[in-house]
Amino acid sequence: MTITRIWRYSPRELFLRILLKPVNPGATLVRIAIILAITTAGALWLIHKGPVPVVRITTPLPEMAPFWYMLLAFPVLGMLVADWVDLVRFRGQDLATVELGCQIALIVGLSAVRLDSRIPLSGHALLIAYFLFRRLWLRNIPPPKSRLEVWLAAGALGGVAYPKLMWWDDPVTLLAGIGVAGGLAAVSGWVGRRRGGLHPSTTC
């Protein structure tokens, strides 16, 4: 869609063309909108839920997790959902689409169980490490968008690791989350290689 043709469409038509049939599979504005929407929803949910106590392995501590720490997971979740939306639009009900949807649901479910039942697994580390492993395993890091997302996620993982190791003395859940993420990402890598390897966004 060129600039000279944009004026021909109403705002609604333009929105639908960008959302449903983008010329560029890696539509940056759509990805940003998804990431911002999920991050905002996560922030509102955290505000509604209130302070969350720190849990070392399975033992609650008398301190509360910082708001910024809890929020770190949501932008990365937004990136994963944006990847899934790309797959839905450009591959339909493909094996890779179903697999990524199931992985996201599983990770969110395990993270929720961590909050409620205190299983010895960091939901933050699981989510962020899965995102990183999946990108690296599928080798879909075209500059500059995907590479920027990988660096942001790596920074988020550092933001999770520092308080777990330096403040709360909890390497167990951190390493458990990273380990499980590696296993899940291996499944994604196998599915991705079978279905042509690269994510649609790599063709932008």
Checklist outcome for this item: Separation between CZ (Arg118) and OG1 (Thr59), nearest 0.5 Å, reads 8.5 Å
Next on the checklist: Show the nearest heavy-atom pair for residues Thr39 and Ile35, with the distance to one decimal.
Outcome noted: OG1-O, 2.7 Å
Next on the checklist: Could you check whether any side-chain N or O of His124 sits under 3.5 Å from a backbone N or O of Met70, counting only pairs where one atom can act as donor and the other as acceptor?
Outcome noted: yes
Checklist entry - Under 4.5 Å between side-chain heavy atoms, hopping through other hydrophobics if needed: is there a path connecting Val52 to Met64? => result no
Next on the checklist: Quick check on the hydrophobic clustering: are Val85 and Leu127 connected, directly or via other members, by side-chain heavy-atom contacts under 4.5 Å?
Outcome noted: yes
Next on the checklist: I need the minimum non-hydrogen distance between Ala186 and Trp137, along with the two atoms involved.
Outcome noted: CB-CH2, 3.4 Å
Item to check | Joint cluster assignment, Val160 & Phe67, ILVMFWY side-chain distance < 4.5 Å | outcome: yes
Item to check | Spatial distance of atom CG (Leu110) from atom CG (Leu115) [nearest 0.5 Å] | outcome: 11.5 Å
Checklist entry - So how far is it from Trp84 CH2 to Ile34 CD1, rounded to the nearest 0.5 Å? => result 9.5 Å
Checklist entry - So, the side chain of Thr58 versus the backbone of Pro120: is there a donor-acceptor pair under 3.5 Å, distance only? => result no
Next on the checklist: If the test is side-chain contact (heavy atoms from CB on, under 4.5 Å), which one of Leu100, Ile128, Val108, Ile38 qualifies with Leu80?
Outcome noted: Leu100
Checklist entry - Going only through I, L, V, M, F, W and Y residues with side-chain contacts under 4.5 Å, is there a path from Val55 to Leu71? => result no
Checklist entry - Does some side-chain heavy atom of Ser188 sit less than 4.5 Å from a side-chain heavy atom of Tyr130? => result yes
Checklist entry - When rounded to the nearest 0.5 angstrom, what distance separates CG in Leu184 from CD1 in Ile104? => result 12.0 Å
Item to check | Residue pair Ala156 / Val76: nearest heavy atoms and the distance that separates them | outcome: CB-CG2, 4.3 Å
Next on the checklist: I'd like to know if the side chain of Arg114 reaches the main chain of Ile119, judged simply by a donor and an acceptor atom lying under 3.5 Å from each other, with no hydrogens or angles considered.
Outcome noted: yes
Next on the checklist: For Gly159 versus Pro163, what's the shortest heavy-atom pair and its separation?
Outcome noted: O-CD, 2.9 Å
Checklist entry - Does the side chain of Val191 reach to within under 4.5 Å of the side chain of Gln103, using non-hydrogen atoms? => result no
Item to check | Reported CZ-to-CE distance for the pair Phe74 and Met79, which is rounded to 0.5 angstrom | outcome: 14.0 Å
Checklist entry - If Ile, Leu, Val, Met, Phe, Trp and Tyr residues are connected whenever their side-chain heavy atoms lie under 4.5 Å apart, and connections chain through other members, are Leu77 and Leu46 in the same group? => result yes
Checklist entry - Which heavy atom of Arg31 sits nearest a heavy atom of Asp86, and at what distance? => result NH1-OD2, 3.3 Å
Item to check | Gap separating the CG atom of Asp170 from the NZ atom of Lys164, nearest 0.5 angstrom | outcome: 4.5 Å
Next on the checklist: Can you tell me how the ring of Trp168 sits relative to the ring of Tyr69, calling it parallel under 30°, perpendicular over 60° and tilted otherwise?
Outcome noted: perpendicular
Checklist entry - Pro53 and Leu61: which non-hydrogen atoms are nearest, and at how many Å? => result CB-O, 4.3 Å
Checklist outcome for this item: side-chain contact (heavy atoms from CB on, under 4.5 Å) with Leu126: of Thr173, Leu174, Ile107, Leu106, only one passes, and it is Ile107
